[in-house]
Amino acid sequence: MAKKRAGSTGLTRLTRQKVIEGLPGPDGTRIRYAVPEEAGAVAVLLKDAADDLETGHLEALADGQCGTWLLDGIAGTDLMSPLVRAAASGNLQPAAASMSLPLVAQDRDGQVVGALLAVPSGSVISQVSRLPGHEQYALLSMLKYAKIKAVAVRQDARGRGIGVALLKRCVEVYWQLDYVLLFGGFETGRDLGTYYTRQGFTVLRPGQAIDVGTLLVGVPIQLGSGPGETFFYRWRGRLRRCPMW
């Protein structure tokens, strides 16, 4: 069934090896999974794009742990079992790093010219965990919703479609893993609404939010950006919900 879904969306059918080695991107780049040796370059790029970037994910990348479970998932591994074990042993934070997605764009010279990091949503996990009798659904949210924490392209490589290619690969990975929602935010002053709209995302007006709870647990949970930020999101296929405000 997974192959049928991937084909119906028109997205590339990925394998673990393809994600690691990368696929051709614009202007001679390759879009691939980031390796530990690139943690420093990734950190420099992404910290310019997100002031609140958690160091834990970057440390996990340097240690070779960031995104490893997602690679296993691409290879066909059921990810709920290791998540349950991690929660039972109090190791959910390292598990979240293993469920994150670090991507880079590598140019012809082997230099990292772009990077993207997507992560499980701490906000969704926290809100779901507080619902009486629904704590277990917090783990499920890590398998269904992901936040695009930051995407950045080196200044001298901008305007070539590299950011678009990183976003496309991110969508391909998560949709193949049966995620249903990707979302993120950006500083309103950066005026990136048109950019994300062109990539298939919906951009909300200030004060709007989407309901991420009804689909997951049957209880409405609103999710949006804080003051000075603009929220964007994309449901997979027909799983769209109207904004709430």
Side-chain angles (χ1 to χ4, degrees), residues 14-23 25 29-87 89-106 110-125 138-139 141-154 162-163 165-179 182-184:
L14 299 171
T15 64
R16 179 189 179 100
Q17 199 63 24
K18 284 181 179 178
V19 175
I20 292 173
E21 294 181 352
L23 292 167
T29 59
R30 291 192 72 80
I31 309 299
R32 59 169 175 76
Y33 175 79
V35 297
E37 295 78 12
E38 295 165 335
V42 170
V44 170
L45 281 171
L46 295 185
K47 284 181 178 178
D48 285 339
D51 294 334
D52 60 342
L53 191 65
E54 296 93 343
T55 59
H57 295 287
L58 298 175
E59 291 170 353
L61 176 57
D63 292 338
Q65 297 301 313
C66 189
T68 53
W69 288 7
L70 290 188
L71 291 176
D72 292 341
I74 288 288
T77 300
D78 175 23
L79 299 180
M80 179 55 84
S81 294
L83 268 178
V84 170
R85 290 194 297 269
S89 60
N91 292 317
L92 200 54
Q93 186 170 351
S98 298
M99 294 287 292
S100 299
L101 178 65
L103 294 176
V104 294
Q106 180 187 43
Q111 300 297 310
V112 173
V113 294
L116 178 148
L117 179 65
V119 303
S121 172
S123 177
V124 174
I125 294 169
L139 299 182
S141 77
M142 297 175 69
L143 295 171
K144 294 300 178 183
Y145 303 154
K147 179 178 183 178
I148 299 174
K149 187 64 177 178
V151 56
V153 177
R154 204 171 69 187
I162 294 173
L166 286 164
L167 283 169
K168 180 181 179 181
R169 184 68 67 242
C170 174
V171 170
E172 288 173 343
V173 169
Y174 281 111
W175 277 192
Q176 186 167 317
L177 289 169
D178 285 334
Y179 280 68
L182 287 172
F183 67 92

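These numbers come from the heavy atoms of this one structure, side chains and all, not from hydrogens, waters or symmetry mates.
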Q) Is Arg32 salt-bridged to Glu38, going by a charged N under 4.0 Å from an acidic O? A)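 Yes.
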Q. Are Lys144 and Asp178 ion-paired here, with the side-chain N under 4.0 Å from a carboxylate O?
A.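 Salt bridge flag = no for Asp178 with Lys144.
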Q: Apply side-chain contact (heavy atoms from CB on, under 4.5 Å) to the pair Val35 and Ile20, showing each step before the final yes or no.
A: CA-CA 9 Å; Val35 297; Ile20 292 173; 5.9 Å; no
Any [X] side-chain heavy atom under 4.5 Å of [Y] side chain:
X      : Y      : result
Lys47  : Leu58  : yes
Arg169 : Leu14  : yes
Leu116 : Lys149 : no
Pro36  : Asp63  : no
Val113 : Val104 : no
Thr68  : Tyr33  : yes
Gln106 : Ile31  : no
Val42  : Pro102 : no

Restricting to non-hydrogen atoms, name the atom on [X] and the atom on [Y] that form the minimum distance, rounded to 0.1 Å.
X      : Y      : answer
Gly114 : Leu166 : C-CD1, 3.8 Å
Lys147 : Gly184 : CG-CA, 4.4 Å
Val112 : Arg154 : O-NH1, 4.0 Å
Ile148 : Cys170 : CG1-SG, 4.2 Å
Ser100 : Leu117 : CB-CD1, 4.3 Å
Ala97  : His57  : CA-ND1, 3.8 Å

Rounded to the nearest 0.5 Å, what's the gap from [atom1] on [X] to [atom2] on [Y]? Could you check?
X      : Y      : atom1 : atom2 : value
Leu139 : Ser81  : CG    : OG    : 11.0 Å
Leu71  : Gln17  : CG    : CD    : 10.0 Å
Ile74  : Gln176 : CD1   : CD    : 4.0 Å
Arg85  : Leu92  : CZ    : CG    : 13.5 Å
Tyr179 : Tyr145 : OH    : OH    : 12.0 Å
Leu167 : Leu103 : CG    : CG    : 9.5 Å

